[in-house]
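Notes follow the structure.
Just the heavy atoms: all of them, side chains too, but no hydrogens, waters or symmetry mates, feed the values below. When a ligand or atom number is given, it counts from 1 through the structure's own listing order. Remember, it's a predicted structure, so these values are computed and weren't measured experimentally.
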Amino acid sequence: MREITHFIDGAAVTGTSGRFGDIFNPNTGEVQARVALATTGELDAAVASALRAHQTWALVNPQRRARVMFDFKRLVEANMNELAEMLSSEHGKVIADSKGDIQRGLEVIEFACGIPHALKGEYTEGAGPGIDVYSMRQPLGVCAGITPFNFPAMIPMWMFGIAIAVGNTFILKPSEKDPSVPVRLGELMMEAGAPKGVLNVVHGDKVSVDAILDHPDIKAVSFVGSSDIAHYVYSRGTAAGKRVQAMGGAKNHGIVMPDADIDQAVKDISGAAFGSAGERCMALPVVVPVGARTAEIFREKMLAEIETLKVGVSTDASAQYGPVVTAAHRQKISDYIQMGQDEGAELVVDGRGFALQGYEKGFFIGPTLFDHVKTEMRTYQEEIFGPVLQIARVESFEEAVALPSAHQYGNGVAIFTRNGRAAREFASQVQVGMVGINVPIPVPVAYHSFGGWKRSAFGDTNQHGMEGVRFYTKVKTITARWPDGATEDSAFVIPTMK
Ligand code: NAD
């Protein structure tokens, strides 16, 4: 059985724990490889390597660090096809979507290529007599990232791209479900000129996550995954004195106003609900049509749209989406569909019976549509993370604002309307971190920042953009005085500005 190794101190390291995770081919259901789950000792070795590397990497000037990012970007682009195939073969998303996953990560690398500008700091000349004040941003040291299965390229690059560009060294603990692309990214960083130890990839489960959270030499931890684990990581990491940002789950709503271009909204919501089999934290699994007429028209058109969808293997260029990541995850989605039916929602389209000829053991699930979903239902309150679209009807704009605002998650939301005033009011009032106006998946561009509200994110700092730079650096402020030579009296009161 092929074994996926750690990448520590610039070399492949075979795991010694004797514990392994299965890597499936979601198209066929077969186990295609296994990944070694790290021991605490292996994590310690990665931290020691990162600590050594930090002593010199932090002193490399920002422009030279940026050049490594430029070269890394070129290398990832040159290897795009190989990386996308690798990603799809473990995750199950279609190749074009895997390329999107990699490309969105590269956009953060492009931002990191401009890191000298982001690190310039501030300067005040003449803050007092002969006194100048300036501030600088310095790296933290060794930082770590713990990432989910659903974006095995983009989310690691969100984290290490900025962390390394500002002068930190990094331990990446990727999802144990699809770990091959993160290892390849580590190799490509070295090829791009990052010295060994600047980026280490350690695979694992709770054992390595706890070792990261408790390690005294790791100064900051960035986490993306489900909310309960995010909360756990945030609590344990901050209790150990670390800086922690922990992004969690989501249940994003798409509001369809009566004046919306419904044909376009159906296309947009179909892509956002079913793309990547719904395994996106910025998927749009709840649609909220305003008014009965809007709901009826939307439902009819969405039904027609669903009939056109093609579910296929991840290598099928004509398929809109592929299998989900594991059989266990498919079972969880099926259980939620059953629960929705038991709770009294109307199951309009049931994707559970879907099977692909020749791939009967693959982890496929067809597009599923529920109508008349109510807020008290568990299937409304919880994240399903599958190709399941729920229609929750409301009568007014106020109700449409209230639904996502009251939900436990607050990652993303979208409104479809032609009315600028309604869109503006919605964006202002809704209690959600990322808002789309006629944009179904409002993932901010790399130079803005990504982050939800409520149980979708713990901690104060978002991912990437200047928020990312702030997360991975600490500010030092220097007050410098160059006196004119005359001796001044001692001051026993706090100095103030005269
Ligand atoms: P997950 O929480 O199961 O795993 C995330 C990471 O935590 C993995 O590296 C995993 O190894 C580790 N982990 C799992 N169980 C653990 C435990 N008990 N103790 C310590 N560490 C543990 O999430 P997933 O299934 O890989 O990813 C899907 C989830 O991620 C969804 O909830 C999705 O909404 C969320 N997500 C959120 C964002 C965001 O930015 N808000 C982005 C992508 C995905």
Side-chain angles (χ1 to χ4, degrees), residues 19-23 35-38 40 43 90-93 101 104-105 108 144-159 171-179 182 201-214 221-237 244-252 276-285 324-326 328-330 332-333 336 382-386 407-413 432-434 441-444 449-459 461-464 467-468:
R19 297 186 307 118
F20 297 94
D22 285 335
I23 311 296
V35 62
L37 304 174
T40 303
L43 190 272
E90 294 183 355
H91 177 287
K93 63 175 85 175
D101 184 335
R104 285 306 292 241
V108 174
I146 301 161
T147 54
F149 80 84
N150 68 324
F151 279 101
M154 176 183 81
I155 294 178
M157 283 193 265
W158 280 1
M159 298 175 179
I171 315 288
L172 173 63
K173 205 304 284 172
S175 169
E176 65 279 30
K177 297 191 180 103
D178 46 11
V201 184
V202 178
H203 304 293
D205 52 5
K206 185 170 163 47
V207 172
S208 43
V209 170
D210 286 350
I212 287 172
L213 297 174
D214 297 342
V221 177
S222 182
F223 173 91
V224 177
S226 53
S227 288
D228 287 347
I229 312 288
H231 187 244
Y232 168 77
V233 165
Y234 183 75
S235 309
R236 187 160 172 162
V244 182
Q245 55 176 193
M247 275 57 192
K251 190 86 174 185
N252 305 325
S276 195
E279 294 171 316
R280 291 182 184 141
C281 70
M282 288 297 274
L284 214 48
V324 300
V325 68
T326 57
H329 190 51
R330 187 186 51 182
K332 183 177 155 198
I333 297 164
Y336 269 120
E382 296 176 11
E383 180 182 44
I384 299 175
F385 222 55
H407 203 281
Q408 63 162 333
Y409 295 119
N411 216 37
V413 70
V432 172
M434 292 172 280
I441 306 183
V443 175
S449 72
F450 182 106
W453 287 10
K454 299 179 280 183
R455 276 181 59 77
S456 292
F458 303 92
T461 323
N462 281 355
Q463 300 277 350
H464 65 70
E467 288 270 296

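Using modelled atom types, one finds no donor on one side chain facing an acceptor on the other under 3.5 Å when comparing Q245 with T461. Between the side chains of Y409 and E383, no donor-acceptor pair of N or O atoms lies under 3.5 Å.
When atom types are taken as modelled, the side chain of K454 and the backbone of H407 share a donor-acceptor pair closer than 3.5 angstrom.
For the atom pair OG (S449) and CD (Q463), the distance works out to 9.0 Å, reported to the nearest 0.5 Å.
Salt-bridge annotation for D228 and R455: present, with a side-chain N of the basic residue lying under 4.0 Å from a carboxylate O of the acidic one.
Put simply, the side chain of K93 reaches to within 4.5 Å of the side chain of D101, judged on heavy atoms.
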I'd like a table of the close N/O pairs between ligand 1 and the protein (anything under 3.5 Å), one pair per line with both atom names and the distance.
residue: ligand 1; atom: 2 (O); partner: S226; partner atom: N; Å: 2.9
residue: ligand 1; atom: 2 (O); partner: S226; partner atom: OG; Å: 2.5
residue: ligand 1; atom: 9 (O); partner: T147; partner atom: O; Å: 2.8
residue: ligand 1; atom: 9 (O); partner: K173; partner atom: NZ; Å: 2.9
residue: ligand 1; atom: 11 (O); partner: K173; partner atom: NZ; Å: 2.7
residue: ligand 1; atom: 11 (O); partner: E176; partner atom: OE1; Å: 2.7
residue: ligand 1; atom: 26 (O); partner: F149; partner atom: N; Å: 3.0
residue: ligand 1; atom: 30 (O); partner: G225; partner atom: O; Å: 3.2
residue: ligand 1; atom: 32 (O); partner: E383; partner atom: OE1; Å: 2.6
residue: ligand 1; atom: 34 (O); partner: E383; partner atom: OE2; Å: 2.6
residue: ligand 1; atom: 41 (N); partner: G248; partner atom: O; Å: 2.8

